[in-house]
Novice: 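Take a look at this one; I'll ask things after.
In this chain, residues are counted from 1 in sequence order.
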Amino acid sequence: MNAKAEPRPSASRELTITRIFAAPRSLVFQAWTDPKHMAQWWGPYDSTMPVCEMDVRPGGAIRIEMRGPDGAVYPMKGVFREIVPPERLVFATTAMEDEAGKPGLEVLNTVTFAEHRGQTRLTLHARVVKIAPAAAATLAGMEAGWTQSLDRLEDRLTGTAGREIVVARVIHAPRELVFKAWTEPEHVAQWWGPNGFTNTIHEMDVRPGGVWRFVMHGPDGVDYPNRIVFSEVVKPERLVYTHGEEGEPGQFHVRVTFAAVGAVTHLTMRLLFRSATERDDVVAKVNAVVGANQTLGRLAEHVAKMVLPLQAR
């Protein structure tokens, strides 16, 4: 799926994300306005929503309780300001109440749903209206949180459960540097692949429609030719590409997101296979989950080396 995070007027207080979903906009709109659906996708990875109540009309109330993987509960309230089915939603949300019940964070959210070649182009604009000093740290995670929520919405709309491998890594460097390490061949050759692999890169044209051809050299001496075609390049936020030849067994789609959270980068790589069987075969035959995690570990180590000369200046 194509996705795009557009430039923000203010990196700390405003966020705009555009995402294209392979689903009718009536269905996408329903996923935002039916609490039974929203409870299945709202929130970061590994979170759940035991409470999701929405009175979907102008002036109607929203009440959400999100539970993190550690069991902590994060309540949120809100009110709908504007509802134009299936085109537009405007709602305000508040969170992080103090002992007196005064919210520490208020955000105005505008979501538009547009027809796009039989699919739905969703644009989210979130603007922080008020924020207390105690809540300021939450701004750093706003983009990552929304990105993960929209990823979960896409999973629900397209039925990708069982067909994916998802790996993530926090890399202690600015995302511009991490994106550079992923898109420049002189850097990629140093870290791509599981432990013990080396690479010969024949071409790497990082643009929509561009081809990346390379050979991975295994520690056992076996060579593994690879071909990747980029479908979306949004510097420094997102890469979308297809790995393998069209129609051949083992082909899969990849989306890599680079979310800035303060001075670090939350990187997520999602591999989507054509079937759960193909996904399971790759996991069994080449230990793909371990290999993907090792690859991101090598990326983190390489980026750390890139950071050292900058720190020495």
Side-chain angles (χ1 to χ4, degrees), residues 1-8 11 16-20 121 143-144 147 150-151 154 164-194 197-217 223-246 248 250-261 264-273 288 291-307 309-310:
M1 299 302 103
N2 292 336
K4 180 180 180 182
E6 298 174 346
R8 291 166 285 164
T16 299
I17 299 177
T18 297
R19 181 73 67 92
I20 296 176
R121 180 185 178 91
E143 180 179 348
T147 297
L150 295 181
D151 284 347
E154 182 174 345
E164 284 191 310
I165 294 173
V166 182
V167 291
R169 174 79 56 151
V170 176
I171 299 179
H172 294 271
R175 67 174 172 177
E176 290 78 8
L177 194 65
V178 181
F179 192 89
K180 176 184 178 76
W182 197 292
T183 53
E184 295 188 0
E186 61 268 29
H187 292 295
V188 176
Q190 302 301 313
W191 63 266
W192 184 268
F197 277 75
T198 59
N199 302 276
T200 299
I201 298 178
H202 296 292
E203 64 175 315
M204 190 175 187
D205 184 6
V206 186
R207 61 182 176 85
V211 175
W212 173 15
R213 290 191 308 110
F214 59 101
V215 177
M216 298 174 62
H217 310 289
D223 289 342
Y224 302 89
N226 288 263
R227 183 177 185 271
I228 283 171
V229 178
F230 292 97
S231 57
E232 184 172 1
V233 177
V234 183
K235 182 180 180 180
E237 298 167 356
R238 185 177 301 270
L239 292 171
V240 181
Y241 56 83
T242 300
H243 195 135
E245 297 290 347
E246 188 67 35
E248 289 191 357
Q251 184 195 53
F252 55 92
H253 298 282
V254 181
R255 184 170 68 241
V256 188
T257 55
F258 306 77
V261 182
V264 304
T265 301
H266 284 213
L267 186 148
T268 303
M269 181 167 65
R270 303 168 67 87
L271 288 67
L272 177 63
F273 295 83
N293 278 294
Q294 290 181 359
T295 297
L296 294 191
R298 295 182 66 193
L299 169 63
E301 292 173 359
H302 181 74
V303 170
K305 296 175 184 177
M306 295 171 66
V307 169
L310 299 177

Novice: Taking Arg175 for the side chain and Thr265 for the main chain, is one N or O donor matched with an acceptor at less than 3.5 Å?
Specialist: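 Side chain of Arg175 to backbone of Thr265, a donor-acceptor pair under 3.5 Å: no, none is there.
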Novice: Quick one: are Met216 and Pro194 in side-chain contact, heavy atoms under 4.5 Å?
Specialist: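 The answer is yes, as the side chains (C-beta and beyond) meet within the 4.5 Å cut-off.
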Novice: Work out which heavy atom in Ala144 is nearest to a heavy atom in Val261; give both atom names and the distance.
Specialist: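 Taking every non-hydrogen atom into account, CB-CG2, 3.9 Å.
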Novice: State the NE2-CZ distance between His187 and Phe179, to the nearest 0.5 angstrom.
Specialist: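 It comes to 13.0 Å.
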Novice: What are the two closest non-hydrogen atoms of Ala173 and Val307, and how far apart are they?
Specialist: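 The answer is CB-CG2, 3.8 Å.
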Novice: How close do Ile201 and Ala189 get, heavy atom to heavy atom, and via which atoms?
Specialist: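 Heavy atoms of Ile201 and Ala189 come nearest at CD1-N, 3.8 Å.
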Novice: Would you name the heavy atoms of Val188 and Trp212 that are closest together and state the gap between them?
Specialist: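 Val188 and Trp212 have their closest heavy atoms at CG1-CZ2, 3.5 Å.
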Novice: Does any N or O in the side chain of Trp191 come within less than 3.5 Å of the main-chain N or O of Ala181, such that one atom is a donor and the other an acceptor?
Specialist: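 Indeed, once roles are kept as given, a pair shorter than 3.5 Å links the two residues.
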Novice: Just jot down the ring pair (Phe, Tyr, Trp, His ring centres under 6.0 Å) partners of Tyr241, sequence neighbours excluded, or say none.
Specialist: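 Partners of Tyr241 by the ring pair (Phe, Tyr, Trp, His ring centres under 6.0 Å) criterion, ordered by chain and then number, come out as Phe230.
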Novice: Please check if the side chain of Ser231 supplies one atom and the backbone of Val240 the other of a donor-acceptor pair under 3.5 Å.
Specialist: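 Yes, Ser231 side chain to Val240 backbone: donor-acceptor pair under 3.5 Å.
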Novice: Determine whether Trp182 and Leu239 make a side-chain contact, defined as any pair of heavy atoms from C-beta on separated by less than 4.5 Å.
Specialist: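 SC-SC contact between Trp182 and Leu239 confirmed.
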Novice: Can you tell me how far apart CD1 (Ile228) and CG (Asp205) are? Round to the nearest 0.5 Å.
Specialist: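 Separation between the atoms: 13.0 Å.
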Novice: Which residue in the set Thr257, Val178, Val170 passes side-chain contact (heavy atoms from CB on, under 4.5 Å) when paired with Leu267?
Specialist: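 The side-chain contact (heavy atoms from CB on, under 4.5 Å) with Leu267 is passed solely by Val178 among Thr257, Val178, Val170.
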Novice: Can any side-chain N or O of Arg298 pair as donor or acceptor with the backbone N or O of Trp192 at less than 3.5 Å?
Specialist: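 Such a contact is found between Arg298 side chain and Trp192 backbone.
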Novice: Less than 4.5 Å apart, side chain to side chain, heavy atoms only: is that true for Leu299 and Ile171?
Specialist: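 Side chain of Leu299 against side chain of Ile171, heavy atoms only: contact under 4.5 Å found.
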Novice: To the nearest 0.5 Å, how far apart are CD1 in Ile165 and CG in Asn293?
Specialist: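 Result: 10.0 Å between the selected atoms.
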Novice: Determine the sole option in Glu232, Glu237, Glu164, Glu154 for which the salt bridge (charged side-chain N to carboxylate O under 4.0 Å, His left out) test with Arg255 is passed.
Specialist: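 Option passing the salt bridge (charged side-chain N to carboxylate O under 4.0 Å, His left out) with Arg255: Glu154.
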Novice: For the residue pair His243 and His253, is the inter-centroid distance of their aromatic rings smaller than 6.0 Å?
Specialist: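 Between His243 and His253, the centre distance exceeds or equals 6.0 Å.
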Novice: Does the side chain of Asp151 reach to within under 4.5 Å of the side chain of Arg270, using non-hydrogen atoms?
Specialist: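 They are in contact (side-chain heavy atoms under 4.5 Å apart), so the answer is yes.
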Novice: Say whether, by atom type as modelled, one donor and one acceptor occur between the side chain of Arg121 and the main chain of Arg19 under 3.5 angstrom.
Specialist: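 Side chain of Arg121 to backbone of Arg19, a donor-acceptor pair under 3.5 Å: no, none is there.
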Novice: In Å and rounded to the nearest 0.5 Å, what is the CD to CZ distance from Glu203 to Arg213?
Specialist: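 Reported value, rounded in 0.5 Å steps: 4.5 Å.
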Novice: So how far is it from Gln251 CD to Phe273 CZ, rounded to the nearest 0.5 Å?
Specialist: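 The CZ atom of Phe273 is 10.5 Å from CD of Gln251, to the nearest 0.5 Å.
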Novice: Using only atom types and a distance under 3.5 Å, with no angle test, would you say the side chain of Asn199 pairs donor to acceptor with the backbone of Phe197?
Specialist: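 Checking the backbone N and O of Phe197 against the side chain of Asn199, no donor-acceptor pair under 3.5 Å is found.
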